[in-house]
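Taking it in order: structure first as structure tokens, then the write-up.
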Amino acid sequence: MIDPLLAADEEPGLSAAPPSYLSGLNPEQLLAVQTTEGPVLVLAGAGTGKTRVLTSRLAHILASGRARPWQVLAVTFTNRAAGEMRERVAAISGADAGKLWLGTFHSVGVRILRAHADKVGLRPNFTVLDADDQLRLLKQVMADANLDPKRYPPPMVLAAIQGWKDRGLTPDKVPDEDDRAEGKAIGLYRLYQQRLLTVNATDFGDLLLLVLELFTHNADILTQYQERFRYILVDEYQDTNVAQYLWLRLLARKNGNLCCVGDDDQSIYSWRGAEIDNILRFEHDFPGATVIRLERNYRSTPHILAAASGLIAHNDGRLGKTLMPGRPADPGSTKVELRGVWNGEEEARFVAERIAELERHGQRLSEIAILVRAGFQTREFEERLMRVGLAYRVVGGPRFYERQEIRDALAYLRVIAQSADSLAFERIVNLPKRGIGDSTLQVVHKLARAQNLPLVDAVRRLLDTDDLKPRPKATLSALLDQFAAWAKLAEILSPAELAKTVLDQSGYLAMWRADPAPDAPGRVDNLKELVAALESFDSLTAFLEHVSLVMENDAQAGAEKISLMTLHGAKGLEFDVVFLPGWEEGLFPHPRALDEQGMRGLEEERRLAYVGLTRARERAIISHAAERRVYNQWMHPPPSRFLEELPGEHVERAQIRGLDARPPGLAERDTAWSAPKPAKPAATFQPGDRVFHQKFGYGRVLISDAGKLDIEFDKAGMKKVIDSFVAKA
DNA sequence: ATCTTTCTAGTTTTT
DNA sequence: CTAGAAAGAT
């Protein structure tokens, strides 16, 4: 309901005081909240109160009676952001925030798609496949097409398909010259889409692409949504891809009330198809747009702000914002701290010691974060923190729903909810072991492919023939009966009860109980946890959708623990103290980003560094190691080029040394030099030995003759090498 | 059909 | 190094 008093506030002269949700906003923020009509681009620098503006704007639109909750579409980038926004809008404007169309692009997409599934060839209970299933499906399609996966690596083909989907391209719209895998990829894309429809499933990209298709081919449906959504809000606009842009354009075409909030300096998802041009071109795409800049930063100390600004200034192609300190300079505030260490181990020790020290001075652990470039870097810190007894949590680490036993259990539920889900069926058809092996499945696959059937249907038909051997046939027949029985049970049991029954009767739980492996009990526990998680859902489909779209891992949020996460994962968060380890060439900027994207890649890495720095309120502590072991290989990376780009007057080197001198701490810690890596024993090599060479990588010895080796290297081919240059692998 | 061994290839970020 | 696939053994 609209509060008439609040609505009256909009009438000039009648209002006694501005509504409470407007108080405390600075002039730019206020403008961003109150400019409700027409296209608006809000360029919100880090820490400038973006979330506040978004929620106030939503509240304002609702409270002023401009729209009812279900007439507002608000899309965010993460589920976390969506949840937070819903909560805050509810707190400000009271009722009905639950009726807002508020969620990620993908969750809004799936909602629309389920309502009109028939229009795109799906049934409403379609499954959303995760990355793993996508790849398996593509591998099957490629096998059917007799394509050698060695020659055309499935992950590359899948990446191409995803890239096309991100750009809103269906198979027939992909230009021939964009084809990959020697002209095979477009055809595979088409077959892959066909197979998805057959098994009544979509992948992530489809949640955007198919909605786009739905809208462009059904003018009436498009109109319906255009009229419904009177106001559209988009968060993190810099990370939208082309498909999402086209989506928004279609939906906003009618009334034009599109407000996009973003920061071009924080665009870090180009590898996922994000198109930074979307935000750079907004004024061009939406003529007459109002552009509002939020440049007053209330989060970080002036030193941190200046360091981050100085760094990002090295990027070209920015819209240009200048972050101004919104809080007074505190004479006691520290500069950005920079620390060189000997190796990764010492880095972890340094960070842990520093944290312990801060904690002694009253710093809360929940306000400390260690932000790394790549997931594997967390391990060293975990080990150290565990050893010294500092509580931590890894945010976005291995996800609960991605564990093997959970995926297996989910596969059972998926088949029950949607029998055509062939990927799920295949996963559990022989789990626990039922004697259904390759040869049997081969027969099933052949029929399924020939007739374009889901696997279950293919099995059902084969039961009437003699194409299957008697024993597997009987087993499959029993299994299908079991599935039918469970499907019936699903109608009367709660999802949690159903899951319990299925895990029991299928023998899946018993399988793990009987497993002597040390991790088996943990898996049984996880399965119990899964059942517990199911209890808060009243429909199986709702739960499965939650699993596929909401990959959150926020169970322990708020606990008094250090947060350990990737830089990507930290976007949108803030902490008192932020550690930024691993600022070395070869790690950060990540060479792969450079290889694939060149200058653009470097700029994105720099933005990532910027995001990292601007997470910090009080302290940012950067470190780099002189020596690091990566995959069994010692690297001696120079410090990251980003270090030189930080403005010197806002940075404090912990110990004064030249950037490329030996790392500090070395002279004091003579152990580091006097006991370097154990001296290489003069190893002798036999033909057939696996060896490692600093330059040529791994290889195999073919001939060994008086210290001279002929080696066939995996990558570099045949080389003659002196034996002291290689080590046993 | 399933278990065991051998080999190879891939190593970032995530809705 | 390690996961996953292929090949070989039971």
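Only a predicted model underlies this, so the values are computations on that prediction, with no experimental measurement involved. A note on names: the letters A, B, ... follow the listed sequences, proteins ahead of strands, and every chain is numbered from 1.
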For the residue pair [Y] / [X], report whether a side-chain donor-acceptor contact shorter than 3.5 Å exists.
X: A/Tyr610; Y: A/Gln266; result: no
X: A/Asp265; Y: A/Asn315; result: no
X: A/Asn200; Y: A/Gln418; result: yes

Can you tell me how far [atom2] of [N] sits from [atom1] of [X], to the nearest Å?
X: A/Gln442; N: B/dA1; atom1: CD; atom2: C1'; result: 14 Å
X: A/Leu587; N: B/dT13; atom1: CG; atom2: C1'; result: 12 Å
X: A/Asp206; N: B/dT15; atom1: CG; atom2: C1'; result: 14 Å
X: A/Leu468; N: B/dA1; atom1: CG; atom2: P; result: 10 Å
X: A/Ile268; N: B/dT15; atom1: CD1; atom2: P; result: 11 Å
X: A/Glu236; N: B/dT14; atom1: CD; atom2: C1'; result: 14 Å
X: A/Asp132; N: B/dT14; atom1: CG; atom2: P; result: 16 Å
X: A/Phe376; N: B/dT13; atom1: CZ; atom2: C1'; result: 12 Å

Does [X] have a side-chain nitrogen or oxygen under 4.0 Å from the phosphate oxygens OP1 or OP2 of [N]?
X: A/Thr566; N: B/dT12; answer: no
X: A/Thr78; N: B/dT14; answer: no
X: A/Lys139; N: C/dA5; answer: yes

All ring pair (Phe, Tyr, Trp, His ring centres under 6.0 Å) counterparts of A/Trp271, not counting sequence neighbours:
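Counting only residues at least two positions away or on another chain, A/Trp271 forms a ring pair (Phe, Tyr, Trp, His ring centres under 6.0 Å) with A/Tyr269, A/His568.
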
Kindly state whether the pair [X] / [N] counts as stacked, where counting means centroids closer than 5.5 Å and planes tilted less than 30° apart.
X: A/Trp271; N: B/dT13; result: yes
X: A/Tyr269; N: B/dT14; result: no
X: A/His590; N: B/dT12; result: yes

Under 4.0 Å between any heavy atoms, over every strand shown, what does A/Ser107 touch: base, sugar-phosphate, or nothing? Just pick one.
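Since no nucleic acid heavy atom lies under 4.0 Å of A/Ser107, the category is nothing.
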
When we call it a touch if two heavy atoms are under 4.0 Å apart, what does A/Phe77 touch: a base, just sugar-phosphate, or nothing?
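Sugar-phosphate, no base atom in range.
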
Distance, P atom - from B/dT13 to C/dG4, rounded to whole angstrom:
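It works out to 16 Å between them.
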
Using heavy-atom distances to pick each residue's nearest nucleotide on DNA chain B, tell me which of A/Glu605 and A/Thr76 is more 5'.
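Between the two, 5'-proximity favours A/Glu605.
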
DNA chain B: A/Pro153 or A/Thr104, which has the more 5' nearest nucleotide?
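Nearest-nucleotide comparison on DNA chain B picks A/Pro153.
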
Salt bridge check: are [X] and [Y] linked by an N-O gap of less than 4.0 Å?
X: A/Lys50; Y: A/Asp235; value: yes
X: A/Arg414; Y: A/Asp421; value: yes
X: A/Asp133; Y: A/Arg427; value: no

side-chain hydrogen bond (donor to acceptor under 3.5 Å, both in side chains), that's the test. Do A/Asn526 and A/Glu405 meet it? Break it down for me.
CA-CA 8 Å; A/Asn526 287 338; A/Glu405 66 277 15; 2.7 Å; yes

Quick one: which of B/dA1, B/dT13, B/dT15 gets closest to the side chain of A/Asn79?
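Among the listed nucleotides, the one closest to the side chain of A/Asn79 is B/dT15.
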
Give each protein N/O atom lying under 3.5 Å from an N/O atom of nucleotides 6-10 of chain C, with the pair distance.
none

Take atom CD of A/Glu213 as the centre, draw a 6.0 Å sphere, and report whether it contains more than 12 heavy atoms from other residues, nucleotides or ligands.
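Yes - once you tally the heavy atoms of other residues, nucleotides and ligands closer than 6.0 Å, there are more than 12.
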
Which distance, rounded to the nearest 0.5 Å, do you find between the CG of A/Leu371 and the CD1 of A/Ile622?
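It is 11.0 Å, given to the nearest 0.5 Å.
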
Identify each atom pair where a protein N or O and an N or O of nucleotides 2-4 of chain B are less than 3.5 Å apart, giving names and distance.
residue: B/dT2; atom: OP1; partner: A/Gly435; partner atom: N; Å: 3.2
residue: B/dT2; atom: OP2; partner: A/Asn430; partner atom: ND2; Å: 3.1

